[in-house]
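Residue numbers start from 1 in every chain, and the chains themselves are labelled A, B, ... in the order their sequence lines are given, proteins ahead of strands.
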Amino acid sequence: MHALPRLLDRLLAGALVVSRWAVYAGGGAILISAFLISFDILSRRFFGLSTWGADELSYYALAVSTSWACAYTLLVKAHIRIDLVTSRVPDMGKVVLHIIALLGLGYMAFATTQAMFHVFQRSWNRGSTSITTLETPMWIPQGLFVAGLVFFTLVTALILLRVLAAVLIERDYAVVNRVTGTVSVLDETEQAIAEAEALQKRNG
Amino acid sequence: MLLTAIFVLLGLLALTIPVAAALFILAMVLEWEFAAAPLSRALGHQIWDTSTNFILVSIPLFILIGELLLRSGIATKVYDALDSWLSWMPGGLMHANIGTATMFSATSGSSVATAATVGTIALPQAPRFGYDERFFAGSIAAGGTLGILLPPSINLIVYGFLAQASIPQLFMAGIIPGLVLSGLFMLAILIMCLIKPEWGGERRKSTMAQRFAKLVHLVPVLVLFGFIMGAIYTGWATPTEAAAIGTVVALIMAFMAGTLSWKMVGEALEGTMRTTCMIMLIMIAANFLNFILASIGLTDSLLSTIATLELSPMQTLFLLIGFYIILGFFIETLSLMIITIPLVAPLITSLGFDPVWFGILLIVLIEMALITPPVGLNLFVVQGVRKRGTLNEVIVGSIPFVLLMFVMVLLLIAFPGLALFLPNLATGG
Amino acid sequence: QSYDLNVVGSLSTSSLYPTYELPFWTETLPAASGGRINVTVQAFDRLGLGGAAVYEMVEQGVYDIGTTIIDYVAGDEPRVEGLDIPAIADPALAREISIAYRPYLERVFDEAFDSVLLGVAPFTAQVVFCKAEINGLDDLAGLRIRGSGRMTMDFIEAVGGTGVSIAFNEVPVALDRGVIDCGITGTLSGFFGGWSEVSTHFYPLPIGGWDPVGFAMNNDSWNSLDEETQTLLREQVAALEDQIWNNAVADNQLGIACNTGGECAVGTAQNLTLVEITEADQRRAVELTRDVVLPRWNERCAGECAETFAATVAPLLDAVLTE
Ligand code: NA
Ligand code: NA
């Protein structure tokens, strides 16, 4: 019916796909780190080889995978919100609170992106390296990290737009609850439960 | 200054702004209001230093281990085995609930995951065998909290990171109190079901042959625990490295159980990254907030305010305990820890208490917060899995366990050795 | 005219900050200025700030003055590493090296961190604790040694050892269980950190260097001071520098005594075997530094940096070898 909400829905669906693949890539990097670290321990123990930087690679993996996972965490509503209030206010109030929550998260996303961009820019300009044997050019992990934060900021803005479109154009509060990017303590536990049940079913 | 900070924080949280963003905005407000220097220019470095910390790499790894074990069906078999060994006692399956929670805790770093896992397996049994549903549900909610006291534990890692206490020592220190608390739970179930037999359901007996046949189901969990703690105890590996080894071992076990697949690993990674990002964002915001608090002198003024009260160390300790119990009713536990530890840890050390010991004491208080209303994650989890009755029943069923946790706190104060014996043994030998 | 200075100091857990920096900023300097200079000071670790970020914060005007271990910024600025090179046992020579390189370093600080380098003082000599029998430098070959910093790791490799990076507080357990054979840290840090309780041998050759800290002041803050105050600040920091150097030597001797059964005023002495630094070993150490470690560093800072080093510090090393 309305072109804008439709477009935003499609963008959100796209963002979910991208963020899911980012999570697989980031999680995969963490998993590979586990193997590299284990290998490092064994080689140091049994072959007397030097530490060569598995630890360093693993904390870059942590940083980069975290920043790229934030959009996904937002899209599946897993950021912790304390809501003794929301359950007690009327629909309109809930919508307002959702928008405030998104604005708050969006501000943090934007400010951290901006601050990290300066760090990245400085490393790029100076050719900074890590003070380890790997001598990693810092702009590489920092650039990947910033890119994840940019994606996070964009997704936050996208969800905010979608919520505003639902309120102003469609006047449909149900949509707000479907897409809103933050979630309560209760919703988080629901997720844990749903997953545990699915497993129970599968494993008998 | 302190009042402004508290007022702003409560306001932000009341607006249901996500915890990470609330802490971040508070930091920005305080900087703008009270700081003489442009402190927020340090933000970029703060973010990068927090995000690239090798200690914190253990967080996704320990979450991943739990996810892999959960999805490989190993937990269900543990319950089955412990059922056959423990259910003959008065209280029946409730002992298996505690036992499974204890075993699963030894590989899981989170309490919510532990409660959800045990709850899904155990809760359908309560009506079938005629248990008091309240008490049965309470045993699962409380048993689940052991996940953060017995190592590995995400919360102990966070504590060690923020209080600059040794994480290997904290892990060692959690073992005996975890087992004692688990024992206290079982003892309480036993005594109460002797007094009120109608609370306990049908007791099932297995033959010794059946029992021994099922012991094999416990092997994977014990092996994994052995690898993780063994690597740390012998000094072969740091906690993060032990987590890496544990992850590899958990993958191998899932493979041997025949449940390893791309789909399963993918789901485990999704769950892992979701939780990791949530925790890391809070860590980043909290670290920046603490930088602002220290820079504008709020940390020092808070400590000197407490000093002017002229309380004895013990009085201060009990004041803190009361503080945590009250806050624990209302605030989500991980946020509670991250906000308070940077303020409380220096205070505790200055009073002459052992930071490792206090870490364990704090975790017991956090466990308590997990099962006290109105905000108690484990209560919600268990009620969610039950899908019948009301949350109030779970709350009532958890009360005896809350009291036992308080007893545990007193025991730790009376006998610090409960926590400190193993870490001292490890460093002394 | 009066001034308010916002200062970030080095590690609160070290002896440097509480013993020298804190009283200097809060008592000595205000008193010397007749109350015209007022200082707010905090240690960077108490602020949750990484040691590597200190000079950048000074550059950006978050603080007027900042102190940190200079090696922390080697990743941003490889040029700073020339100040402190491995295995110089004689404190007088170590100080000569730092003086010779100082003018160039001041220019580096001006360019890289937009700040005035007011002073340089040693943190503490970074020596070797072993749970393995060693009798000299050559015995380090084949051992697993915990170290940190590029030059230190390169030196370990040059003597044939294996460099391992482990966090400071994990070293005692790692030494005890044989995960590593040796570790490098300050003489007293190792004593207080429990390293000596699990070690058997103590080798006071500062393989990790003397770990200098630098006092840097933001250029704008510096220029806002009147000339009289600038002179006062320079003089005062120079006096502090002297005091810290003299004390580093005393601290080093105390550390050796405490670790090897001598007179220890700060605790109960440990009875580690003191491995003497022979003249031959000192020469060999300088040779390894000159022939293996420094060429690698020069690759990281080729051109003017390497040339300046060759003109200022290298002759001092050659003097040791031709003595
Ligand atoms: Na656990
Ligand atoms: Na609670």
Side-chain angles (χ1 to χ4, degrees), chain A residues 20 23-24 26-28 30-31 33-35 37-38 41 45 55 58-63 65-67 69-70 72-73 76 78-86 97 100-101 104-105 107-108 111-112 115-116 118-119 141-142 145 182 184-186 189-190 192-193 195-197 199-200 203-204, chain B residues 12-22 24-25 43-45 47-48 51-54 56-57 60-61 64 70-71 73 76 112-113 116-117 119-121 236-237 241 244-245 247-248 259 266 269-274 276-278 280-281 284-285 331-332 335 374-375 377 380-381 384-385:
Chain A
R20 181 163 274 132
V23 162
Y24 291 143
I30 298 273
L31 198 56
S33 301
F35 279 93
I37 294 170
S38 301
I41 298 165
R45 182 78 202 173
D55 54 344
S58 76
Y59 55 68
Y60 296 147
L62 171 70
S65 66
T66 304
S67 84
C70 282
Y72 176 74
T73 309
V76 299
H79 286 290
I80 291 192
R81 248 170 106 186
I82 294 172
D83 64 343
L84 294 172
V85 185
T86 23
L97 287 177
I100 292 175
L105 199 63
Y107 170 65
M108 178 177 178
T112 49
M116 255 327 284
H118 286 302
V119 175
Q142 286 173 349
F145 185 73
T182 49
S184 67
V185 164
L186 278 170
T189 61
E190 266 166 28
I193 293 156
E195 277 180 9
E197 275 170 355
L199 281 167
Q200 180 71 5
N203 296 325
Chain B
L12 291 168
L13 292 177
L15 288 171
T16 76
I17 291 176
V19 175
F24 183 78
I25 295 169
L43 175 60
H45 266 285
I47 297 169
W48 185 245
S51 306
T52 52
N53 190 297
F54 188 57
L56 299 184
V57 175
L61 292 177
L64 186 54
L70 190 91
R71 286 161 208 280
T76 314
V112 171
T117 309
T120 327
I121 304 165
W236 268 43
E241 292 171 339
I245 298 173
T247 309
V248 174
T259 42
L269 292 180
E270 273 178 38
T272 303
M273 291 318 300
R274 202 168 57 220
T276 304
C277 166
M278 186 266 291
M280 288 302 291
L281 266 196
I284 287 171
I331 302 184
E332 189 276 324
S335 324
V375 180
L377 273 190
F380 301 153
V381 170
V385 180

Does any backbone or side-chain atom of [X] lie under 4.5 Å from a heavy atom of chain B? Answer side chain, backbone, both or neither.
X: Ala111(A); value: both
X: Ile30(A); value: both
X: Tyr24(A); value: both

Euclidean distance, [Y] [atom2] relative to [X] [atom1], rounded to 0.5 Å:
X: Phe145(A); Y: Ser51(B); atom1: CZ; atom2: OG; value: 3.5 Å
X: Ile284(B); Y: Met108(A); atom1: CD1; atom2: CE; value: 6.0 Å
X: Thr52(B); Y: Asp55(A); atom1: OG1; atom2: CG; value: 11.5 Å
X: Thr247(B); Y: Ile37(A); atom1: OG1; atom2: CD1; value: 8.5 Å
X: Glu270(B); Y: Thr73(A); atom1: CD; atom2: OG1; value: 10.5 Å

Which pair of non-hydrogen atoms, one from [X] and one from [Y], has the smallest distance, and what is that distance?
X: Ala244(B); Y: Ala34(A); answer: CB-O, 3.5 Å
X: Val57(B); Y: Leu62(A); answer: N-CD2, 3.8 Å
X: Leu269(B); Y: Gly28(A); answer: CD1-N, 3.8 Å

Pick one of side chain, backbone, both or neither for Phe24(B), based on which atoms fall under 4.5 Å of a heavy atom in chain A. side chain

Step by step, would you call Val23(A) with Arg274(B) a side-chain contact (heavy atoms from CB on, under 4.5 Å)? CA-CA 8 Å; Val23(A) 162; Arg274(B) 202 168 57 220; over 6 Å; no

If we define contacts as heavy-atom pairs under 4.5 Å, which of Gly104(A), Gly26(A), Ser38(A) has the most with chain B? Ser38(A)

Quick one, Thr112(A) and Leu281(B) - any side-chain contact, counting heavy atoms below 4.5 Å? no

Top contributor to chain A interface from Thr276(B), Ile25(B), Leu64(B), Leu12(B) [non-hydrogen pairs under 4.5 Å]: Ile25(B)

